[in-house]
Amino acid sequence: MDDDPLLRRARLPHPKLDQTYVFDLGEVIAVLHTAEADMNALIVNFLNLLLDLVNASGVPMPVGYRRALHHLANEMTFSRDLATFFAMRGHSRATTINAIYWSLGAVLSRAILLR
């Protein structure tokens, strides 16, 4: 990896491999789709990373999607109760999941995949 021609050509710094995050996207979506609570803080940890990646991508996020993800991340910082959050007016599981799919697309549209 030290002499990777793609990194040289793209003039990218070498990635810091000590910063590794592993999220099972299927699990994230399943928890958001049906779970009453998120006792392992999976959602807040995932959303914090995803929002940072979208911000770094430079792709402007639609206001409704940004609001949905920020509200959920803020709520899950202090609570693990998904059912109550989604029962509140203006919060939708479907909108939140669509916002995550949009965000993943934004991140991947600007990503360089390394082998």
Side-chain angles (χ1 to χ4, degrees):
M1 182 88 116
D2 287 338
D3 195 33
D4 190 298
L6 179 60
L7 290 176
R8 271 198 326 274
R9 193 168 54 242
R11 296 185 181 145
L12 293 173
H14 293 285
K16 294 181 179 179
L17 297 179
D18 61 327
Q19 295 178 355
T20 303
Y21 301 93
V22 177
F23 291 99
D24 179 341
L25 296 176
E27 182 182 3
V28 169
I29 297 303
V31 167
L32 285 171
H33 187 52
T34 60
E36 298 291 314
D38 177 24
M39 299 314 294
N40 295 322
L42 171 70
I43 301 304
V44 69
N45 291 325
F46 174 74
L47 288 178
N48 285 333
L49 176 62
L50 183 63
L51 289 166
D52 286 346
L53 292 172
V54 170
N55 188 47
S57 78
V59 177
M61 183 184 281
V63 173
Y65 284 170
R66 179 171 297 283
R67 186 178 305 122
L69 296 183
H70 277 280
H71 284 174
L72 181 56
N74 289 341
E75 181 70 19
M76 293 294 101
T77 298
F78 303 105
S79 171
R80 301 292 177 250
D81 187 351
L82 287 166
T84 299
F85 176 80
F86 285 120
M88 292 188 306
R89 183 182 176 130
H91 299 291
S92 156
R93 289 179 188 262
T95 299
T96 301
I97 291 168
N98 286 336
I100 287 173
Y101 287 144
W102 183 94
S103 298
L104 291 169
V107 170
L108 288 174
S109 74
R110 299 292 174 100
I112 294 176
L113 302 178
L114 305 175
R115 57 179 161 86

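Counting begins at 1 with the first residue of the sequence.
- Here the CG-CZ distance, from Leu32 to Phe46, works out to 8.5 Å after rounding to the nearest 0.5 Å.
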For this session: Go through Ile100 and Ile29 one step at a time and tell me if the side chain to side chain contact (heavy atoms under 4.5 Å, CB included) criterion holds.
Result: CA-CA 9 Å; Ile100 287 173; Ile29 297 303; 4.1 Å; yes

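- For the side-chain contact (heavy atoms from CB on, under 4.5 Å) test with Val44, the passing option among Leu47, Asn48, Leu42 is Asn48; the others fail.
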Would you list the atom pairs, donor with acceptor, under 3.5 Å between side chains in residues 77-86 and any protein atom, with sequence neighbours excluded?
residue : atom : partner : partner atom : Å
Thr77   : OG1  : Ala73   : O            : 2.7
Ser79   : OG   : Asp81   : N            : 3.1
Arg80   : NH1  : Met76   : O            : 2.2
Asp81   : OD1  : Ala83   : N            : 3.3
Asp81   : OD1  : Thr84   : N            : 3.0
Asp81   : OD1  : Thr84   : OG1          : 3.3
Asp81   : OD2  : Thr84   : OG1          : 2.5

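- The heavy-atom pair separating Ser92 from Thr95 by the smallest distance is OG-N, 3.1 Å.
- One hydrophobic cluster, built from ILVMFWY side chains closer than 4.5 Å, holds both Leu49 and Trp102.
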For this session: Decide side chain to side chain contact (heavy atoms under 4.5 Å, CB included) for Leu72 and His91; before the verdict, give the C-alpha distance in whole Å, the side-chain angles of both, and the deciding distance to 0.1 Å.
Result: CA-CA 9 Å; Leu72 181 56; His91 299 291; over 6 Å; no

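- Hydrophobic clustering (ILVMFWY, side-chain heavy atoms < 4.5 Å, transitive): Val28 and Tyr101 are in one cluster.
- Around atom CE of Met39, no more than 12 heavy atoms belonging to other residues, nucleotides or ligands sit under 6.0 Å away.
- For the atom pair His33 NE2 and Arg93 CZ, the distance stands at 8.5 Å (nearest 0.5 Å).
- Here the straight-line distance linking atom CD1 of Ile43 with atom CD of Glu27 works out to 8.0 Å at 0.5 Å rounding.
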Tabulate below the donor-acceptor pairs under 3.5 Å that side-chain atoms of residues 50-66 make, not counting sequence neighbours, or state none.
residue : atom : partner : partner atom : Å
Ser57   : OG   : Val54   : O            : 2.6
Ser57   : OG   : Val59   : N            : 3.1
Arg66   : NH1  : His70   : NE2          : 3.4

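- Counting non-hydrogen atoms of neighbouring residues, nucleotides and ligands closer than 6.0 angstrom, the CZ atom of Phe23 exceeds 12 such neighbours.
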